[in-house]
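These notes concern the structure reproduced below.
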Amino acid sequence: MTRKKHTEPAVAERVEFDERAVAARELSTEKAWQASLRPKTFEEYIGQKEVMDNLRIAVTAAREKGRTLDHFLFAGPPGLGKTTLAHVIAEELGATLHISSGPAIDHFGRLASLLTSLAENDVLFIDEIHRLTPIVEENLYPAMEDFKVDTFIGEGPHAKAVTMQLPRFTLLGATTRMGMLSAPLRDRFGFHWQLRYYEQADMESIVRRSAGLLGLPIDERGVTEIARRSRGTPRIANRLLRRVRDFADVEHDGSINGVLAASALDRLAVDHVGLDTLDRAYLSVICERFDGGPVGIEAIAASLSEERGTLEEVVEPFLLQIGLIARSPRGRVATAAGFQHMGLVPPPKAPSGGSTGGQGRLF
Ligand SMILES: Nc1ncnc2c1ncn2[C@@H]1O[C@H](COP(=O)(O)OP(=O)(O)O)[C@@H](O)[C@H]1O
Ligand SMILES: [Mg+2]
């Protein structure tokens with residue numbers, strides 16, 4: 001039996017994905033200012049130490065020896081710095097960066113024109129690379145392996161198939177869904193780097209850095225509060241910082257302290273660990289409607305009128321990471337910590353929780 005300590009609607013009103021203060025995806029209105037906060041060099045890029053140590057060596061070696069950098073794949077939830085890394089790598093190599101994405105390269109012609117526009121040692125970044133069509137993907141293989149592309153000269157019945165030699169280039173791929181990437185594509189990358197949610201100390205450095213760039217006075221408690229509620233995700237930290245700044249302007253002297261940040265974030269419905277209405281609705285469905293689970297993702301998605309992909313990509317990885325849910329062969333279960341977070345008494349069967357380190361398992 002579970003008992004409520006306070007009333008929370010079993011299913012919160014449907015929250016438009018794009019309106020979430022903690023949406024990890026980039027909102028259409030914030031592209032420009034988020035980009036202005038982007039670190040440009042290895043020096044400025046905070047955290048992800050393991051990935052960065054290796055990348056720094058690979059990039060330095062390529063630059064010093066005049067070699068083309070290997071193709072690399074970056075995986076991880078939205079907002080952790082994959083696109084930023086592509087910019088940093090090109091900058092550090094002194095190379096030209098070309099940016100495209102899986103959905104944008106919707107037929108072979110687009111791929112061919114993209115590839116034939118590259119110069120020696122250029123960097124091509126393909127975001128959401130798991131969304132390439134199989135035909136485009138197959139045509140990418142010879143480009144990655146042998147720097148060749150098959151193309152046609154002329155039109156109609158007189159078209160002639162020719163193989164074009166491409167300059168040596170570096171392909172950087174990014175994906176939020178490692179599991180959706182085909183094995184042949186995955187295998188053609190020299191390395192896969194899994195980006196992790198950032199530690200609290202790194203999140204604090206990111207908030208401090210962004211506040212500095214925005215010319216925003218903020219004290220250490222304000223930094224801690226915003227960092228703690230940003231789900232280990234720099235994009236969210238930057239967004240919450242800007243939202244809190246509005247409160248500071250209207251209700252204070254423009255500067256941010258811990259009390260102001262906490263009260264602003266409470267009012268933005270971002271709780272003390274960074275969960276928002278959708279996360280809490282998700283947890284509430286498992287705990288209350290399905291008695292703690294196990295429950296399949298489809299059933300949860302139907303209860304929330306939310307897309308399964310949204311839940312899998314942005315809600316679940318973080319809840320798994322902080323140990324509020326766990327996965328079992330029969331579906332998702334709420335942990336004891338998950339029940340407690342919702343102010344509920346956990347049933348004896350609830351797993352104990354704690355960090356599962358399980359973020360990778362969803363991809
Ligand atoms: N390591 C980092 N240090 C500081 N800021 C970062 C870092 N990674 C990302 N950011 C900030 O977060 C924002 C989102 O990063 P982005 O690279 O677009 O994420 P992704 O491509 O993984 O979705 C960037 O605009 C940048 O301001
Ligand atoms: Mg990106």
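Keep in mind it's a predicted model, so treat the numbers as computed, not measured. Read the numbers this way: they start at 1 and go in the same order the structure lists the ligands and their atoms. Reckoned from all heavy atoms, side chains included, excluding hydrogens, waters and symmetry mates.
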Does Phe74 reach ligand 1, in the sense of a heavy atom lying below 4.0 Å from it?
-> no

Would Arg231 count as a cation-pi partner of Tyr197, with NZ or CZ less than 6.0 Å from the six-membered ring centre and within 45° of the ring normal?
-> no

Just checking, is any N or O donor in the side chain of Ser101 or Arg131 under 3.5 Å from an acceptor N or O on the other one?
-> no

With heavy atoms and a 4.0 Å threshold, my read on which part of Ile206 contacts ligand 1 is side chain

Mind counting the protein N, O or S atoms sitting less than 2.8 Å from the Mg ion (ligand 2)?
-> 1

Counting each atom of ligand 1 from 1 as listed, which ones have a heavy atom of Gln34 under 4.0 Å away?
-> 13 (C), 25 (O), 27 (O)

Using distance alone, decide if ligand 1 has a nitrogen or oxygen within less than 3.5 Å of any nitrogen or oxygen in Arg209.
-> no

Report the nearest protein non-hydrogen atom to atom 6 (C) of ligand 1: residue, atom name, distance rounded to 0.1 Å.
-> Pro234 CB, 3.7 Å

Are any of the N or O atoms of Glu26 closer than 3.5 Å to those of ligand 1?
-> no

Which ligand 1 atoms, with their elements, are less than 4.0 angstrom from a heavy-atom of Lys82?
-> 17 (O), 19 (O), 20 (P), 21 (O), 22 (O), 23 (O)

From the candidates Val207, Thr84, Val51, the one that places a heavy atom nearest atom 15 (O) of ligand 1 | Thr84

Where does Pro39 meet ligand 1, judged by heavy-atom distances below 4.0 Å: at the side chain, the backbone, both, or neither?
-> side chain

Are Asp271 and His341 close enough that a side-chain donor and a side-chain acceptor fall under 3.5 Å?
-> yes

Is there a salt bridge (charged side-chain N to carboxylate O under 4.0 Å, His left out) between Asp246 and Arg242 once you walk through the steps?
-> CA-CA 7 Å; Asp246 295 341; Arg242 293 241 319 188; over 6 Å; no

Considering heavy atoms of the protein only, find what lies nearest to atom 23 (O) of ligand 1 and give residue, atom and distance to 0.1 Å.
-> Gly79 N, 2.7 Å

Heavy atom under 4.0 Å from ligand 1: found in Leu195's side chain, backbone, both, or neither?
-> neither

Would you check the N or O atoms of Glu44, main chain and side chain alike, for any that come under 3.5 Å of an N or O of ligand 1?
-> no

Whether Gly47 lies under 4.0 Å from ligand 1, heavy atom = no

Does any N or O in the side chain of Gln165 come within less than 3.5 Å of the main-chain N or O of Phe147, such that one atom is a donor and the other an acceptor?
-> yes

One finds that the ligand 1 atoms under 4.0 Å from a non-hydrogen atom of Leu37 are 27 (O)

Residues Glu137 and Tyr141: side-chain donor-acceptor under 3.5 angstrom = yes

Pull out every atom of ligand 1 sitting under 4.0 Å from any heavy atom of Gly81, numbered as shown with elements.
-> 8 (N), 9 (C), 15 (O), 16 (P), 17 (O), 19 (O), 20 (P), 22 (O)

Could you go through the salt bridge (charged side-chain N to carboxylate O under 4.0 Å, His left out) check for Glu50 and Arg196 one step at a time?
-> CA-CA 10 Å; Glu50 197 187 318; Arg196 307 272 163 207; over 6 Å; no

Kindly confirm or rule out an N or O of Leu85 lying under 3.5 angstrom from an N or O of ligand 1.
-> no

Between His71 and His192, does the ring centroid distance fall short of 6.0 Å?
-> no

Pro78 heavy atoms within 4.0 Å reach ligand 1 at atoms 23 (O)

Do any N or O atoms from the side chain of Thr175 and from the backbone of Arg177 form a donor-acceptor pair under 3.5 angstrom?
-> yes

In the protein, which heavy atom is nearest to atom 3 (N) of ligand 1, and how far is it?
-> Ile46 N, 3.3 Å

Report the residues that fulfil side-chain contact (heavy atoms from CB on, under 4.5 Å) with Asn257, sequence neighbours left out, ordered by chain and then residue number.
-> Asp219, His252, Val259, Leu260

Side chain Asp276, main chain Asp279, donor-acceptor under 3.5 Å = yes

Residues Arg229, Glu225: salt bridge by 4.0 Å N-O rule = yes

Heavy-atom proximity to atom 21 (O) of ligand 1 ranks first, among Asn238, Thr175, Thr83, Leu80, for Thr83

Cluster check Ile206, Met52: I/L/V/M/F/W/Y, side chain < 4.5 angstrom = yes

Per-pair distances, 0.1 Å, donor-acceptor, side chain in residues 88-99, under 3.5 Å, sequence neighbours excluded:
residue	atom	partner	partner atom	Å
Glu92	OE2	Phe42	N	2.8
His98	NE2	Asp122	OD2	2.8

Kindly write out the residues that satisfy side-chain contact (heavy atoms from CB on, under 4.5 Å) with Lys349, not counting sequence neighbours, or none if the list is empty.
-> Asp291, Pro347

